[in-house]
Protein chains: 2
Amino acid sequence: MRIGELSRRTGTSRRLLRYYEEQGLIAADRAPNGYREYDERFVDRVLQIRGLLGAGLPTRIIRQILPCLDKPRTIYFPDATPEMLATLRRERDRMTERIGFLTRNRDAIDAYLDAVLAYGGGDGAGDGSPADGLSREAGPGRR
Amino acid sequence: MRIGELSRRTGTSRRLLRYYEEQGLIAADRAPNGYREYDERFVDRVLQIRGLLGAGLPTRIIRQILPCLDKPRTIYFPDATPEMLATLRRERDRMTERIGFLTRNRDAIDAYLDAVLAYGGGDGAGDGSPADGLSREAGPGRR
DNA sequence: CTTGACCTTCACACATGTGTGAGTGTTCGA
DNA sequence: TCGAACACTCACACATGTGTGAAGGTCAAG
């Protein structure tokens, strides 16, 4: 498929697909006319890149860890140099930290929402379109 | 305390502390001479901001959720408007997504590291200074 | 009073991810 | 064959988080 279709199927602008390529995250081959040509595997690949970017990792890191995450679970070691392994461990630990932070803060938000809910009474949980009048008038007049 | 001390105690540059204030994340009051004056509570606050930023949230979002996470677990509802609650729910869900993505990918990295370890033999796990000779000799010295 | 450490604001600079448009070539259907 | 839709490269633009420096105010110690 060409870039337009990949763009549609991944919800990623053409611009970004070219950018990811420029960053060494994906390597499309070219048709004789110069057009990029992608096969099915790129759909997942791009989605994974988006996910990692969305999770806050920079392309520089993604470039390094992506080969180790390659889809067909090939236990194929590209260039498992000691430095590479160190990078992976470091990155894994950073991700664990992030997960911890995100979890703690998400839980705090959740607890807050529960509290508001319990206080203000029945609001259909989750859909985010309350439209009831629970707003404020809050307890201890404390502003 | 003044900005220099807060900077030292949080490992955050003065520049960034001022930036966070400009972004509405912290509100220092001023001494008569114009100096920012912080109390103890700001240390945790700044650390939490750093954590959220590090987890990939933009200041715009942090500004919104921070009041609900305020330390002394005060069930104090600032202005729990329906829109605010919707934002919180949305953000919580986005955080959950991120957590899922990070977890899956971290586990994949972990599995890869385990596989390499099992394959290449004993490498002191975790310290990241292997110095053994498991490398590869593989592939054309990329880079 | 001077020096040095600390504070202020302002402003330019940079990397990163992303949008947008210009100018040009290619493909394909009417 | 024409025009629409698509592709290409190049390049400027923007927001965000962060570094850095200039020009100047405050204050305590010598």
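The figures here come from the full heavy-atom set of this structure, side chains too, leaving out hydrogens, waters and symmetry mates.
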Check: Using a cut-off of less than 4.0 Å, is there contact between a side-chain N or O of A/Arg14 and OP1 or OP2 of D/dC6?
Finding: no
Margin query: Looking only at the side chain of B/Pro58 (C-beta and beyond, no hydrogens), which of the listed nucleotides D/dG17, C/dT18, C/dC6 gets closest?
Written below: D/dG17
Notebook entry, point to check: Below 4.0 angstrom from OP1 or OP2 of C/dG17, is there any side-chain N or O of A/Tyr19?
Noted result: yes
Grab the N/O contacts between the protein and nucleotides 19-22 of chain C below 3.5 Å, and write none if there aren't any.
{"from": "C/dG19", "atom 1": "OP2", "to": "A/Ser13", "atom 2": "OG", "distance (Å)": "3.1"}
{"from": "C/dG19", "atom 1": "O6", "to": "A/Arg15", "atom 2": "NE", "distance (Å)": "3.3"}
{"from": "C/dG19", "atom 1": "O6", "to": "A/Arg15", "atom 2": "NH2", "distance (Å)": "3.0"}
{"from": "C/dT20", "atom 1": "O4", "to": "A/Arg15", "atom 2": "NE", "distance (Å)": "3.0"}

Item checked: Atom-to-atom span, CG of B/Leu17 to P of C/dC6 - whole angstrom -> 15 Å
Note to self: Do B/Asn105 and A/Leu57 have side chains that approach each other closer than 4.5 Å (heavy atoms only, starting at C-beta)?
What the structure shows: no
Next item on the list: Kindly say whether B/Leu6 contributes a backbone atom to a donor-acceptor pair with the side chain of B/Thr10 at under 3.5 angstrom?
Entry: yes
Margin query: In whole Å, I'd like the distance from the CG atom of B/Leu53 to the P atom of D/dT16.
Written below: 12 Å
Notebook entry, point to check: Is a side-chain donor or acceptor of B/Arg14 paired with a backbone partner of B/Ile3 at a separation under 3.5 angstrom?
Noted result: no
Pairwise N/O distances under 3.5 Å, protein to nucleotides 22-25 of chain D:
{"from": "D/dG25", "atom 1": "N2", "to": "B/Tyr35", "atom 2": "OH", "distance (Å)": "2.7"}

Next item on the list: Kindly say if A/Arg30 contacts the phosphate of D/dT9, meaning a side-chain N or O under 4.0 Å from OP1 or OP2.
Entry: yes
Next item on the list: Round to the nearest Å and state the distance from B/Glu5 atom CD to C/dC6 atom P.
Entry: 11 Å
Note to self: Measuring to OP1 and OP2 of D/dT16, would you say a side-chain N or O of B/Thr59 lies under 4.0 angstrom away?
What the structure shows: no
Note to self: For the residue pair A/Arg98 and A/Phe101, would you count it as a cation-pi contact if the rule is NZ or CZ under 6.0 angstrom from the ring centre and within 45 degrees of the ring axis?
What the structure shows: no
Check: Quick one: do the A/Tyr20 and A/Arg50 side chains pair a donor with an acceptor below 3.5 Å?
Finding: yes
Next item on the list: Output yes when at least one side-chain N/O atom of B/Tyr20 is less than 4.0 Å from OP1 or OP2 of D/dG17, else no.
Entry: no
Next item on the list: Take atom CD1 of A/Ile3 and atom P of C/dT26, then tell me their distance rounded to the nearest Å.
Entry: 17 Å
Note to self: What's the closest nucleotide to the side chain of B/Arg50 if the choices are D/dT18, C/dC7, D/dA7?
What the structure shows: D/dT18
Next item on the list: May I ask you to test the B/Thr12-B/Ile49 pair for a side-chain heavy-atom distance under 4.5 Å?
Entry: no
Item checked: Sugar-phosphate only, base, or nothing, as touched by B/Arg60 at under 4.0 Å among non-hydrogen atoms -> nothing
Item checked: Residue pair A/Leu17 / A/Phe42, side-chain heavy-atom distance below 4.5 Å -> no
Check: Which of the following nucleotides, D/dC8, C/dT8, D/dC6, is nearest to the side chain of B/Arg36?
Finding: C/dT8
